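Some notes on the structure that comes next.
Just so it is clear, the structure is predicted and the values come from calculations on it, not from any experiment. All residue numbers refer to positions in the sequence shown, counting from 1.
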Amino acid sequence: MNELLLQWHNSLSSSPFLLLFILIGVFELAVWLRKRSNLPLLNPSLLTTIGVIVILKTTGISWQSFEQASNYLTFWLQPVVVCLAVPLYIQWQKIRAQWLPIIVSQIIASSVGIITGIGLVRLLGGSHDSVLAAAVKSVTMPIAIEVIETLGGVVGIAASTVLVAGVSGQMVGVWILHRFGQRLPMGLGLSLGSASHALGTVRAMQLGSRYVAYASLGLILNGIITAFLAPIIVPWLV
């Protein structure tokens, strides 16, 4: 039995394609569970994350091996991001006509995201590294990593806060915005993109092309503005 487990572990560790197959399989299972149950809490991104963690812990596979396998998927994120330019192009005339409220709203959104993240973690008694990580919770992962390194924080903790912000926004963001009477594409899309980055944008895709255009814009602008504001605001708050 132990020899079989050892062979299984070695085959997984040495085969990135097998790990990739498992990752895709876990995600597809999570999507199936979400569709069958229709429960917002059964979020595919969240379930996949938990499932992969359980598999890696159970089998003893290193995260380096898993990262190597996931790089094959990460490569295709680049053309996917480029595809987000299509709805932006389609809505460009409307976006250009509303540039002032968009820019102002994103400056406010970035500032509020930084301040509330830091304030909440400090209120709950979080460590210094956790406080720093909370400042970049609403920024897409590549920018969040660059900002947290500039602030001297821990990348792993920052990645966790980004994941939490993305998953929570994807799960309940639209419901909360609807509760507050926000249903217009610009307001709802910008809110999802600026608060929950890529996962919020994925949720906006389910609402329509106008929503995803503004969500993509919110993702981009919030990331850029936060990269400038975080190094200025954070030292005053931590």
So [Y] and [X], do their side chains get closer than 4.5 Å, heavy atoms only?
| X | Y | result |
| --- | --- | --- |
| V121 | L124 | no |
| L188 | H178 | yes |
| L132 | V234 | yes |
| T116 | L120 | no |
| L190 | M186 | yes |
| S45 | Q170 | yes |
| L221 | S194 | no |
| T201 | V212 | yes |

For residues [X] and [Y]: do they belong to one hydrophobic cluster (side chain heavy atoms under 4.5 Å, members Ile, Leu, Val, Met, Phe, Trp, Tyr)?
| X | Y | answer |
| --- | --- | --- |
| V172 | L177 | no |
| I53 | L23 | no |
| V202 | W32 | no |
| V139 | I224 | yes |
| I90 | I220 | no |

Please report the shortest heavy-atom distance between [X] and [Y], naming the atom on each side.
| X | Y | result |
| --- | --- | --- |
| P235 | A230 | CD-O, 3.8 Å |
| N222 | S138 | ND2-O, 2.9 Å |
| A213 | P87 | CB-O, 3.4 Å |
| G117 | A134 | O-CB, 3.3 Å |
| G187 | S191 | O-OG, 2.6 Å |
| G169 | S196 | CA-OG, 3.0 Å |

Can you tell me how far [atom2] of [Y] sits from [atom1] of [X], rounded to the nearest 0.5 angstrom?
| X | Y | atom1 | atom2 | answer |
| --- | --- | --- | --- | --- |
| S111 | I232 | OG | CD1 | 9.5 Å |
| L88 | S216 | CG | OG | 5.0 Å |
| L199 | L219 | CG | CG | 10.0 Å |
| W175 | F180 | CH2 | CZ | 9.0 Å |
| R203 | Y211 | CZ | OH | 10.5 Å |
| R34 | L47 | CZ | CG | 10.0 Å |

Which atom pairs, one a donor and one an acceptor, fall under 3.5 Å between side chains of residues 148-162 and the rest of the protein, sequence neighbours left out?
from: T150; atom 1: OG1; to: E146; atom 2: O; distance (Å): 3.0
from: S160; atom 1: OG; to: G156; atom 2: O; distance (Å): 3.1
from: T161; atom 1: OG1; to: A133; atom 2: O; distance (Å): 3.1
from: T161; atom 1: OG1; to: A158; atom 2: O; distance (Å): 2.7

Short side-chain to backbone donor-acceptor contact, [X] and [Y], under 3.5 Å:
| X | Y | value |
| --- | --- | --- |
| S37 | L33 | yes |
| R122 | L237 | yes |
| T58 | I55 | no |

Listing, residues 92-104 side-chain donor-acceptor contacts under 3.5 Å, not counting sequence neighbours, or none:
from: Q93; atom 1: OE1; to: R96; atom 2: NH2; distance (Å): 2.9
from: Q98; atom 1: OE1; to: Y214; atom 2: OH; distance (Å): 2.8

After noting the C-alpha distance and the side-chain angles of T226 and I143, does the key distance pass the side chain to side chain contact (heavy atoms under 4.5 Å, CB included) rule?
CA-CA 9 Å; T226 300; I143 299 178; 6.0 Å; no
